[in-house]
There are 2 protein chains.
Amino acid sequence: METQTDLLFRALADPTRRALFERLCREGEQTVGALTATAGVSQPAVSKHLAALKAAGLVADRHEGRQTHYSPRTAALGPLADWTKEMARFWEGRFDALEDLLSRMDQ
Amino acid sequence: METQTDLLFRALADPTRRALFERLCREGEQTVGALTATAGVSQPAVSKHLAALKAAGLVADRHEGRQTHYSPRTAALGPLADWTKEMARFWEGRFDALEDLLSRMDQ
DNA sequence: CTCACTCATAACTCACCGGTTATAGAAATC
DNA sequence: GATTTCTATAACCGGTGAGTTATGAGTGAG
């Protein structure tokens with residue numbers, strides 16, 4: 001079976017896809033055309049990546065006339081943050097640089 | 001080119017590989033044989049996954065006699081935590097459940 | 001109505017990746 | 001030294017996924 005966590009990790013594994021998500025986080029809502037302009041791949045490729053991000057809950061789409069606007073949904077990063085922290089905790093206190101990691105996460 | 005961040009995300013994308021890393025985090029250092037026993041895949045498959053995790057800096061190996069012990073290196077999760085937090089920050093204050101995410105990361 | 005534009009889907013190709021079995025190499029045991 | 005055990009590597013296979021071009025569906029403009 002395909003869990004939601006699997007979907008999330010797989011969505012973020014591809015560099016092109018991750019770059020698209022990063023752009024949305026930095027610059028906010030964008031149309032497919034705007035994203036395609038600087039993505040380095042074809043428009044259909046961008047559409048497919050956006051569909052994958054949407055399936056993982058990482059972006060939302062909004063239709064306006066003939067163009068589609070995509071925006072980031074950082075709430076979807078929650079499970080990722082939880083997982084990271086959980087892994088760090090399990091290994092707590094065992095010859096590892098846990099303190100460094102936690103200090104970075106606590107801002 | 002293949003950046004270190006790419007390596008990290010790709011290493012964690014595969015469920016079998018992520019499960020191996022999780023086991024190491026939960027139960028601590030393990031031999032290849034012990035990991036193989038409950039991994040659900042063959043020993044060579046486990047060895048290859050461990051090699052991928054090692055390339056990403058997520059595990060360390062220690063040779064003792066004819067067996068190899070693998071242990072987690074949670075410090076490698078640092079960049080992952082940084083990236084997550086950065087993405088959340090960029091989108092700060094824009095119609096999103098940022099507070100929820102940050103509160104979860106702050107323990 | 002017609003034409004142009006924006007995006008998504010279809011159909012296809014190609015490379016890579018995760019899995020296997022077979023085997024090599026090193027180390028412990030007999 | 002011979003044999004068994006443990007792990008890594010080699011060689012191979014099948015599936016998947018990321019890319020392409022072509023096209024369809026929907027919308028705005030003339």
Side-chain angles (χ1 to χ4, degrees), chain A residues 1-24 27-72, chain B residues 1-24 27-72:
Chain A
M1 71 164 237
E2 177 80 337
T3 150
Q4 189 64 23
T5 304
D6 287 350
L7 217 56
L8 181 61
F9 275 99
R10 276 203 320 114
L12 294 175
D14 182 73
T16 303
R17 201 154 47 220
R18 205 165 56 245
L20 282 173
F21 179 69
E22 289 185 20
R23 273 197 59 193
L24 288 176
E27 310 169 11
E29 191 182 71
Q30 306 264 339
T31 67
V32 175
L35 291 169
T36 300
T38 62
V41 294
S42 67
Q43 174 267 313
V46 171
S47 278
K48 285 208 288 185
H49 281 307
L50 290 170
L53 290 172
K54 183 181 172 186
L58 285 165
V59 300
D61 58 345
R62 174 176 69 84
H63 299 282
E64 183 180 329
R66 55 187 165 187
Q67 45 195 2
T68 309
H69 299 258
Y70 281 88
S71 52
Chain B
M1 75 166 233
E2 180 80 336
T3 147
Q4 189 65 21
T5 304
D6 286 351
L7 220 56
L8 180 62
F9 275 98
R10 276 203 323 113
L12 295 176
D14 182 73
T16 303
R17 201 154 47 220
R18 205 165 56 245
L20 283 172
F21 179 69
E22 289 185 20
R23 272 197 61 191
L24 288 176
E27 310 169 11
E29 191 182 72
Q30 307 264 338
T31 67
V32 176
L35 291 170
T36 300
T38 63
V41 293
S42 65
Q43 174 268 314
V46 171
S47 279
K48 284 209 288 184
H49 282 306
L50 290 171
L53 289 172
K54 183 181 173 186
L58 284 164
V59 300
D61 58 344
R62 175 176 69 84
H63 298 280
E64 182 181 328
R66 56 186 166 186
Q67 44 195 4
T68 309
H69 299 257
Y70 281 89
S71 53

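The structure presented is a predicted model; accordingly, all values stated were derived computationally and were not measured. In what follows, chains carry the letters A, B, and so on, assigned in the order in which the sequence lines appear, proteins first and then strands, with residues in each chain numbered from 1.
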| said: Any donor-acceptor pair under 3.5 Å linking the side-chain atoms of A:R23 with those of A:T38? | reply: yes
| said: Give me the atom names and distance for the closest heavy-atom approach of B:Q30 to B:A34. | reply: OE1-CB, 3.6 Å
| task | Could you run through nucleotides 24-30 of chain D and give me one letter per nucleotide, 5' to 3': B if any protein heavy atom sits under 4.0 Å from the base, S if only the sugar-phosphate is that close, - if neither? | result | --BBS--
| Looking only at heavy atoms, which two atoms of A:A55 and A:L7 are closest? And how far apart? | O-CD2, 3.2 Å
| said: Testing the basics here: between B:T36 and B:S42, what is the closest heavy-atom pair and its distance to 0.1 Å? | reply: CG2-C, 4.2 Å
| Taking CG from B:L53 and P from D:dT7, how many angstroms apart are they, rounded to a whole number? | 16 Å
| Is the side chain of B:R18 donor-acceptor paired with the backbone N or O of B:L12 at a distance under 3.5 Å, no angle test? | yes
| task | Measure from CG on A:L50 to C1' on D:dG19 and round the result to the nearest Å. | result | 15 Å
| Between D:dC6 (C1') and B:D61 (CG): distance, integer Å | 14 Å
| remark: Scoring nucleotides 19-24 of chain C by protein non-hydrogen atoms under 4.0 Å (B base, S sugar-phosphate only, - none) yields BBBB--
| said: What I want to check is whether the side chains of A:H63 and A:T68 have a donor and an acceptor closer together than 3.5 Å. | reply: yes
| Distance, rounded to the nearest Å, where B:R62 contributes CZ and D:dT7 contributes C1' | 15 Å
| said: With a 4.0 Å limit, can you tell me whether B:T68 has a side-chain N or O closer than that to the phosphate oxygens OP1/OP2 of D:dA8? | reply: yes
| field | Whole angstrom value for the distance that separates C1' of D:dA18 from CZ of A:R17 | value | 8 Å
| field | Heavy-atom donor-acceptor pair, A:R17 side chain to A:A11 backbone, under 3.5 Å | value | yes
| said: Please find the pair of heavy atoms, one from B:V59 and one from B:L50, that lie closest to each other, and give the distance. | reply: CG2-O, 3.8 Å
| remark: Here the distance between atom P of C:dG25 and atom NE2 of B:H63, to the nearest Å, is 17 Å
| request: Would you mind reading off the distance between A:Q30 atom CD and C:dT6 atom P, rounded to a whole angstrom? | output: 15 Å
| B:Y70 vs D:dA8: side-chain N/O to OP1/OP2 distance below 4.0 Å | yes
| message | Rounded to whole Å, how long is the line connecting atom CG of A:L20 with atom C1' of D:dG19? | response | 14 Å
| request: Report yes if at least one side-chain N or O of A:R10 is closer than 4.0 Å to OP1 or OP2 of D:dT16; otherwise report no. | output: no
| Which is it for A:L24 and A:L58 under the side chain to side chain contact (heavy atoms under 4.5 Å, CB included) test, yes or no, and what are the steps along the way? | CA-CA 10 Å; A:L24 288 176; A:L58 285 165; over 6 Å; no
